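Note that the structure is a prediction, hence the values are computed from the model and not measured.
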Amino acid sequence: MDSSLFRQILDEASFLWFQRCNASTSEYFDLSSLVQLDRRLAGLFRLLPSSPELIEESNQSFDIEDPDKFYCILIASASLKEVDLTSLISAAFEAEAPENEIITALAWIDYPTISSTIYKLWKSEKTELQYIALEAWRLHRIRPDIDLLSAVNSHDNKILASSIRMIGELALTDFYPSIADKLASEDYNHRFWASYSCALLGDIKGISNLIESLNDKPEYVIPETLKETATNSSFATIQVEQATSWVNHLTACNVLPQRIIKCFEVLGSTKFIPWLISLTQKQQITPYASHAFCTITGMALYSEDHGNIVPILADTSAIESDDYQELWAQLPYSGFNEWWEDNKEKFDNEKRYFTGKEINEDHMQFIWHKGNQKQRERAALELALATPSTPLFEHTTPGFRQQSFSQQAN
């Protein structure tokens with residue numbers, strides 16, 4: 001392969017890698033479209049090793065200004081004996097490559113190819129590399145042949161938190177006593193992941209820790225990703241009365257309205273639909289209220305009267321768009337209200353709903369196969385919470401790997 005062709009392939013792979021990293025958690029990609037994107041990437045990754053330039057590129061220092069090429073080189077060279085992936089990853093980390101992006105790349109590579117590298121990272125003296133190894137095992141849904149109990153009691157906070165999370169997501173019930181002890185930890189992250197993993201293992205005693213995390217503390221700003229995890233895992237496990245009490249508490253603590261709306265969206269009770277409809281009249285929270293309404297009821301986003309408007313308003317990022325105010329003005333409050341009046345008899349206030357269907361195993365399985373990536377993430381969590389002995393499905397690894405797992409399961 002000549003140099004210009006190698007560059008062309010690497011540039012295309014880098015562009016697609018950037019796209020798929022965003023697609024993996026997108027409301028606009030489903031499993032089928034993720035499979036297509038990942039197959040294109042896999043083809044490019046197979047072509048790159050045919051050029052000697054790949055080995056030359058692997059010896060270059062990590063470029064923070066052009067990171068996607070590094071991840072493509074890492075993935076493409078995973079099967080080459082001439083490339084020391086452990087050193088490559090260590091050097092990239094020292095050059096400030098984001099560890100979560102390194103982990104994402106390692107999770108993309110098939111496990112038999114990358115397993116020895118992950119074990120080498122774990123055996124490193126650097127706790128940062130050990131953490132990367134743990135997270136790679138977690139995303140591959142592999143129970144590692146290591147002393148996991150030692151990791152749970154590690155003096156390194158990130159290793160401890162990662163191992164606790166792994167135990168819950170892999171349904172390693174034999175470690176339950178070890179993580180239950182962390183529910184009262186003084187460290188916020190330890191309490192958070194212990195509560196989350198205990199819920200996945202069937203014990204919701206730590207749910208209060210998760211719900212409290214929705215309220216920022218003066219000394220600690222909680223990342224939005226953790227708040228999303230906390231909302232999805234806590235309000236999926238409690239009754240309407242408990243949820244209402246907790247929401248009253250959060251409201252008193254001045255938690256943002258969009259987070260309160262999200263709590264009711266995950267709860268999925270149609271008792272609160274009239275309230276959500278009323279919120280669609282309030283411009284600044286319309287995206288969140290309309291998104292919650294559509295998520296619970298399954299209202300068709302492409303309706304005859306305002307099909308070009310609702311999908312945009314149902315996107316919670318719409319509020320940042322230049323034409324948001326104009327679009328919002330075009331959507332009548334009656335659009336939601338009339339639909340609800342015509343369809344509310346189909347719902348039971350005592351049940352939970354997601355995309356218009358009762359939350360149960362059959363429907364969650366269907367969403368996991370056919371829904372968009374955000375819906376699939378939610379469905380996977382609902383399934384894991386309902387069946388504590390079952391690992392949490394991973395929805396961000398290569399689509400063709402997920403599809404293969406899905407076919408084997410059926």
Tell me, do His363 and Thr355 make a side-chain contact under 4.5 Å, heavy atoms counted? yes
Describe, in one word, how the ring planes of Phe393 and Trp368 are oriented to each other, choosing from parallel (under 30°), tilted (30 to 60°) and perpendicular (over 60°). tilted
Dump the intermediate steps for side-chain contact (heavy atoms from CB on, under 4.5 Å) on Val35 and Arg39, then the final yes or no. CA-CA 6 Å; Val35 168; Arg39 281 178 174 162; 3.6 Å; yes
Any sub-3.5 Å donor-acceptor pair from Ser24's side-chain atoms to Thr396's backbone N or O? no
Any residue meeting side-chain hydrogen bond (donor to acceptor under 3.5 Å, both in side chains) with Asn22, in chain and number order, not counting sequence neighbours: none
Is the Phe264-Trp275 ring centre distance short of 6.0 angstrom? yes
Please answer whether the main-chain N or O of Ser234 pairs with a side-chain N or O of Thr237 as donor and acceptor at a distance below 3.5 Å. yes
Is there a side-chain contact between Leu10 and Ile73, using heavy atoms and a 4.5 Å cut-off? yes
Over 60° means perpendicular and under 30° means parallel, so tell me whether Tyr71 and Phe62 are parallel, tilted or perpendicular. tilted
Name every donor-acceptor pair, under 3.5 Å, that has one atom in a side chain of residues 159-173 and the other anywhere in the protein, sequence neighbours excluded.
unit_1: Ser162; atom_1: OG; unit_2: Glu135; atom_2: OE2; d: 2.6
unit_1: Ser163; atom_1: OG; unit_2: Ala151; atom_2: O; d: 3.3
unit_1: Ser163; atom_1: OG; unit_2: Val152; atom_2: N; d: 3.4
unit_1: Ser163; atom_1: OG; unit_2: Ile159; atom_2: O; d: 3.1
unit_1: Ser163; atom_1: OG; unit_2: Leu160; atom_2: O; d: 2.8
unit_1: Arg165; atom_1: NE; unit_2: Glu169; atom_2: OE2; d: 3.0
unit_1: Glu169; atom_1: OE1; unit_2: Arg138; atom_2: NH1; d: 2.8
unit_1: Glu169; atom_1: OE1; unit_2: Arg141; atom_2: NH1; d: 3.2
unit_1: Glu169; atom_1: OE1; unit_2: Arg141; atom_2: NH2; d: 3.4
unit_1: Glu169; atom_1: OE2; unit_2: Tyr196; atom_2: OH; d: 2.7

Is the number of heavy atoms from other residues, nucleotides or ligands within 6.0 Å of CZ (Arg40) greater than 12? no
Contact check, side chains of Asn372 and Ser26, non-hydrogen atoms, under 4.5 Å: no
Could you tell me whether Asp66 atom CG has more than 12 heavy atoms of other residues or ligands within 6.0 Å of it? yes
Per side-chain contact (heavy atoms from CB on, under 4.5 Å), Arg378 is matched among Arg376, Glu382, Gln375 by Glu382
For Glu361, look at atom CD and say whether over 12 heavy atoms of other residues, nucleotides or ligands are found less than 6.0 Å away. no
Mutual orientation of the aromatic rings belonging to Phe347 and Trp340 [parallel < 30°, tilted 30-60°, perpendicular > 60°]: tilted
Looking at Arg20 and Asp38, does any basic side-chain N land under 4.0 Å from a carboxylate oxygen? yes
Given side chains that start at C-beta, do those of Leu226 and Asn189 come closer than 4.5 Å, heavy atoms only? yes
